[in-house]
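Below: one structure, written as structure tokens.
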Amino acid sequence: MGSCGRLVAAVAVLSAVVGQEAVLPEVSYEDFRLLRVQVADQAQLKSVFRLADVQEGVQVWATHNGSAQVDLLSAPFAWDAVRSGLANAGINYFVMIENLQDSIRRENPPMEPEEEEWENRSGHRLTWKRYHPFKDIEGYVDYLANTYPEICQMEVIGQSSEGRPLKVLKISTGGKKKPAVWIDGGIHAREWISPATVTYLLLQLVEFRHDHPSLIDDLDWYVLPVVNPDGYEYSHTTDRLWRKTRSSSADGGCVGVDANRNFDVHWAQVGSSINPCREIYAGSRPFSEPETKAVSDFILSHKDEIKVYLTMHSYGQVWLVPWGYKAEKPQDYYDMYVLAEQGVEALERVRGTDYLLGTADELIYVSSGGSDDWAKEKAGIKYAYTVELPDTGRYGFVLPASEIEPVGQEVWEGVKSMMLYFVREIGNSS
Ligand code: 0X9
Ligand code: ZN
């Protein structure tokens, strides 16, 4: 999650452009280590977060099991301070990734020439075998809208700070008013598995619709694969670990806002920062970002139809049920839990991937200004979830592209079962 610490990575000259298109980001994470830190009590947890706060080159990536474990990234120049800081506080850890840049190099291999050719023939460039730049994802949304006009409609709901279009694909067979599902991805730039999974869901919903007709006969779908395209693109071209948007702050200092702290719900109250240089900067005001504003306006204008809100993040393999900003649960928590359970159980059956289901307080940490809480509290969407996709820290954000298809398949099974249950058991009664 990167809630703490400033990470200063060395800017290196482009390292590998071996006659192919794949260009590695400019910021180098050579010899950056990812540690799994075992936290025994609140005092130790405090020391870890303090270390990330005060020590340049240290960043919290994620927390697990209600912060019993913390994944900490350390720059090589911070390593001595990290090692002694943890030792002084009596904190145990082990090294998950020795050299992050090696993982980045292996994450997204360039395509074979045959694959390149195939891409151009199918009318779009997405492969689900590698992580694609934003224009390929945008191209896929256009392709679906142009190829399946009887069920797909594309709407540009706004533009990012740098002018990229936010294209929502509506999938509907028309007819009577139906309950709708909203799915988004890419709120956080570096969580590449998220847009890849959301486009996999589009593939299933549209191109394989005959395998599961009820899903689009009985429901409408609104899908936005990349909420934060500027950040996503920046994480491809320049800094693989970029999380925020790319808007410039008023004082011209640090760039970007954490879009998942920028929603107008208990804004900037907890687990978020008003310092523009922090990874969890909430922005100058709620909905300061054109991306979150566009999403919220669109959802509000469809709030009577949208019954389920799903947002894909990574990593951790947790399915989060509101609230995300406090430990207390809403009074209809059990309803939300039961529906999500359908999804998690079906997902887990595919290849045994374990997911935890519960609140952010139970499973990770609390933070306010998130899209899920906003969807529930402000847009009145009863079933609102954040899904933290794989993995649990072996690769973290730098999940090899070979995982796109297996993750897509299991998440698809989860979403499918959950929504079939919704149609069967809940429907219009919500
Ligand atoms: O911190 C976040 O925004 C999410 N985790 S991530 O590692 N993908 O950054 C969790 C958000 C959970 N929802 C709320 N706190 N509302
Ligand atoms: Zn995220």
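Small disclaimer: the values here were computed from a predicted structure and weren't measured.
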Residue that, paired with L320, satisfies side chain to side chain contact (heavy atoms under 4.5 Å, CB included) out of I364, L356, V387, D361: I364

salt_bridge(D297, K293) N-O dist < 4.0 Å: yes

Over all atoms of both residues, closest heavy-atom pair of L389 and S194: CD1-CA, 3.8 Å

Output field: ring centroids F263/F287 closer than 6.0 Å: yes

Check: L144 main-chain N/O paired with T147 side-chain donor or acceptor under 3.5 Å: no

Gap separating the CD1 atom of I157 from the CG atom of L224, nearest 0.5 angstrom: 5.5 Å

Donor-acceptor pair, side chain of E348 and main chain of Y355, under 3.5 angstrom: yes

For D354, salt bridge (charged side-chain N to carboxylate O under 4.0 Å, His left out) partners two or more places apart: none

Where I104 and Y29 come nearest, the two heavy atoms and their spacing: CD1-CD1, 3.8 Å

Minimal non-hydrogen separation, G414 against A346, with atom names: CA-CB, 4.2 Å

Carboxylate-amine/guanidinium contact E138 K167, below 4.0 Å: yes

Interatomic spacing from OH in Y281 to OG in S288 - rounded to 0.5 Å: 6.5 Å

N-O pairing of E403 and R351 below 4.0 Å: yes

E150 CD: over 12 foreign heavy atoms closer than 6.0 Å: yes

Donor-acceptor contact below 3.5 Å, side chain K376 vs main chain I381: no

K329/E362 ion pair, N-O < 4.0 Å: yes

Set of side-chain hydrogen bond (donor to acceptor under 3.5 Å, both in side chains) partners for T173, sequence neighbours left out: K178

Steps toward side chain to side chain contact (heavy atoms under 4.5 Å, CB included) verdict (T63, F49): CA-CA 11 Å; T63 64; F49 274 71; 4.0 Å; yes

Stepwise side chain to side chain contact (heavy atoms under 4.5 Å, CB included) test for W182 and V168: CA-CA 10 Å; W182 167 279; V168 168; 4.0 Å; yes

salt_bridge(D373, K326) N-O dist < 4.0 Å: no

NZ (K170) with more than 12 external heavy atoms under 6.0 Å: yes

Qualifying residue for side chain to side chain contact (heavy atoms under 4.5 Å, CB included) with Q59, from L34, D71, L241: L241

Non-hydrogen side-chain atoms of K378 and S296 separated by less than 4.5 Å: no

Closest non-hydrogen atom pair between L363 and L357, with its separation: CD1-C, 3.7 Å

Set of ring pair (Phe, Tyr, Trp, His ring centres under 6.0 Å) partners for Y131, sequence neighbours left out: W192

Within 6.0 angstrom of L300 CG, more than 12 heavy atoms from elsewhere: yes

E233 (side chain) donor-acceptor with F134 (main chain) under 3.5 angstrom: yes

Backbone N/O of H266 and side chain of S368: donor-acceptor pair under 3.5 Å: yes

Backbone N/O of M336 and side chain of Y385: donor-acceptor pair under 3.5 Å: yes

V141 side chain reached by P225 side chain, heavy atoms, under 4.5 Å: yes

Parallel, tilted or perpendicular: rings of H64 and Y315 (30°, 60°): tilted

OG on S161 to CZ on R246, rounded to 0.5 Å: 10.0 Å

Spacing of CD belonging to Q69 relative to OG1 belonging to T392, to within rounding of 0.5 Å: 9.0 Å

D230 side chain to E162 backbone, donor-acceptor under 3.5 Å: yes

side-chain hydrogen bond (donor to acceptor under 3.5 Å, both in side chains), paired with H188, selected from N228, T245, D258: D258

Side chain K307, main chain D304, donor-acceptor under 3.5 Å: yes

Side chain to side chain contact (heavy atoms under 4.5 Å, CB included) evaluation trace for L347 with V411: CA-CA 6 Å; L347 186 162; V411 172; 4.2 Å; yes

Gap separating the CZ atom of R33 from the CG atom of N99, nearest 0.5 angstrom: 9.0 Å

Closest contact, heavy atoms only, F298 versus E155: CE1-OE1, 3.6 Å

Side chain proximity check, Y232 to R164, heavy atoms < 4.5 angstrom: no

Sidechain N-carboxylate O distance under 4.0 Å for K244, E279: no

D218: side-chain hydrogen bond (donor to acceptor under 3.5 Å, both in side chains) partners, not counting sequence neighbours: S214

Heavy-atom closest contact (P109 atom, A401 atom, distance): CD-CB, 4.5 Å

R209/D217 ion pair, N-O < 4.0 Å: no

Side-chain touch Q42/L45, heavy atoms, less than 4.5 angstrom: yes

H132 side chain vs T127 backbone, donor-acceptor pair below 3.5 Å: yes

Residues forming a side-chain contact (heavy atoms from CB on, under 4.5 Å) with L215, sequence neighbours excluded: H212, L219, W221, W412, K416, M419, L420

Test item: I426 and Y421 side chains (from C-beta on) under 4.5 Å apart, heavy atoms: yes

E289 vs S247 side-chain heavy atoms within contact, under 4.5 Å: yes

Trace of the side-chain hydrogen bond (donor to acceptor under 3.5 Å, both in side chains) decision for D184 with Y309: CA-CA 8 Å; D184 68 51; Y309 172 89; 2.7 Å; yes

Can you give each donor-acceptor pair under 3.5 Å made by side-chain atoms of residues 198-207, sequence neighbours left out, with the distance rounded to 0.1 Å?
residue	atom	partner	partner atom	Å
T199	OG1	W128	NE1	3.0
T199	OG1	P195	O	3.2
T199	OG1	A196	O	2.9
Y200	OH	Q204	NE2	3.4
E207	OE1	Y148	OH	2.8
E207	OE2	Y140	OH	2.6

Separation of R394 CZ from M96 CE (nearest 0.5 Å): 7.5 Å

Flag side-chain contact, heavy atom, 4.5 Å: L169 against M154: yes

Expected output: side-chain S371 to main-chain N260 donor-acceptor under 3.5 Å: no

